[in-house]
Amino acid sequence: MTASKTPGKTHNHVLNGVQLTPLWDYPVHKGTVLYLALEDDHRRLQERLYRMFGMDGTNDLLFSICAKQVGAGLEEQLKRFVQEHPDTKLIIIDTLQKIREAGGDKYSYANDYEVVEKLKRLADACGVCLLLVHHTRKQQADDKFDMISGTNGLSGAADGAFLLQKEKWTDDTATLDVVGRDQQDQRLYLTKDKEHLTWTLERMETELWVEPPDPVLEAIAAFVTAERPFWCGTATELAAALQVDMKPNALAMRLNVRASKLAAEYHIRYENTRTHAGRSISLTLEPPQA
């Protein structure tokens, strides 16, 4: 990875001046930014940045169009960059697929969790924000964040997620849904400036974003009741009992991720244990605490 100075230009009044311009009414902090544009080349970057910012320039925005993979040198590259630029505030990796380790099971929950966990440990150790760009699926989902390509291991290891969606590819409007451990869930409505290739904020929902009911958890709540407060069996048996259109391993994976929600909202404790006969799932109805 060789980082280069901005191949185009950026807002002089945003990064070089004393007065910093807020982004969508949020305050910003001056610092060095590294953008790993791994699906671009310098010509495309320069054209895009010229359209966005004209001739204004900065030394605080650096790019690289190549980098090593996670577990094969990327962590060392980023640590070295932060050591050389101690005022680094943000590192953007675009995209996840370009820095995933070669070989192995790339699409398992464990692998998804591991790759994001490695990057999170690096970001925490270096004291920077790391934004990892990833694609979404074309299929719709009850929970919008289930549209993130891959397993729930990606969002499970991250501190938060941003989901940018347009109704049609050609639309100039989009919604940005935000969830995270240390931030308020919300939705922002954006409009794209096609000339300058930037997004402007039209409005935001100030109330907490309410996640729609999960049909799997709803089915479990109807299955585990005061009349039947305990159930134990395999994932295959549970899928059959719930009559849900899911493969047993997908059902178990979903419950692993949603166990806390199942306990908090439905007061049902979920446990997945290994026995001599294989994996066993237990569901226990627990009275809410006063």
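Side-chain atoms are counted along with the backbone in the values below, which use heavy atoms only and exclude waters and symmetry mates.
Side-chain contact between Phe223 and Arg228 is present, with heavy atoms from C-beta onward closer than 4.5 Å.
Checking each of Leu74, Ile65, Asp94 against Leu36 for a side-chain contact (heavy atoms from CB on, under 4.5 Å) leaves exactly one that passes, namely Leu74.
Taking CG of Leu78 as the start and CD1 of Ile91 as the end, the distance is 5.0 Å to the nearest 0.5 Å. Within the model, atoms CZ of Arg51 and CD of Gln46 stand 14.0 Å from one another, a figure rounded to the nearest 0.5 Å. Atoms CH2 and CG, on Trp199 and Leu164 in that order, are 5.5 Å from each other to the nearest 0.5 Å.
One side chain, Thr225 or Glu227, offers a donor N or O that lies under 3.5 Å from an acceptor on the other. When only modelled atom types and interatomic distance are considered, Thr175 and Gln165 share no side-chain donor-acceptor pair under 3.5 Å. With no hydrogens or angles considered, a side-chain donor-acceptor pair links Thr32 and Asp87 at under 3.5 Å.
Partners of Arg43 under the salt bridge (Lys or Arg N to Asp or Glu O under 4.0 Å) rule, at least two apart in sequence or in another chain, are Glu47.
With hydrogens and angles disregarded, a donor-acceptor distance shorter than 3.5 Å links the side chain of Gln77 to the backbone of Lys68. Side chain of Asp40 to backbone of Ala37: no donor-acceptor contact under 3.5 angstrom is found. Listed for the Glu237 side chain is a donor-acceptor partner under 3.5 Å among the backbone atoms of Thr234.
Follow the hydrophobic side-chain contacts under 4.5 Å out from Leu242 and you never reach Phe230; the two are in separate clusters.
Counting non-hydrogen atoms of other residues, nucleotides and ligands closer than 6.0 Å to NZ of Lys247 gives a total of 12 or fewer.
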Using a 3.5 Å cut-off and no angle test, enumerate the donor-acceptor pairs between side-chain atoms of residues 120-132 and protein atoms at least two apart in sequence or in another chain.
{"residue": "Lys120", "atom": "NZ", "partner": "Asp124", "partner atom": "OD2", "Å": "3.0"}
{"residue": "Lys120", "atom": "NZ", "partner": "Asp159", "partner atom": "OD1", "Å": "3.1"}
{"residue": "Lys120", "atom": "NZ", "partner": "Asp159", "partner atom": "OD2", "Å": "3.1"}

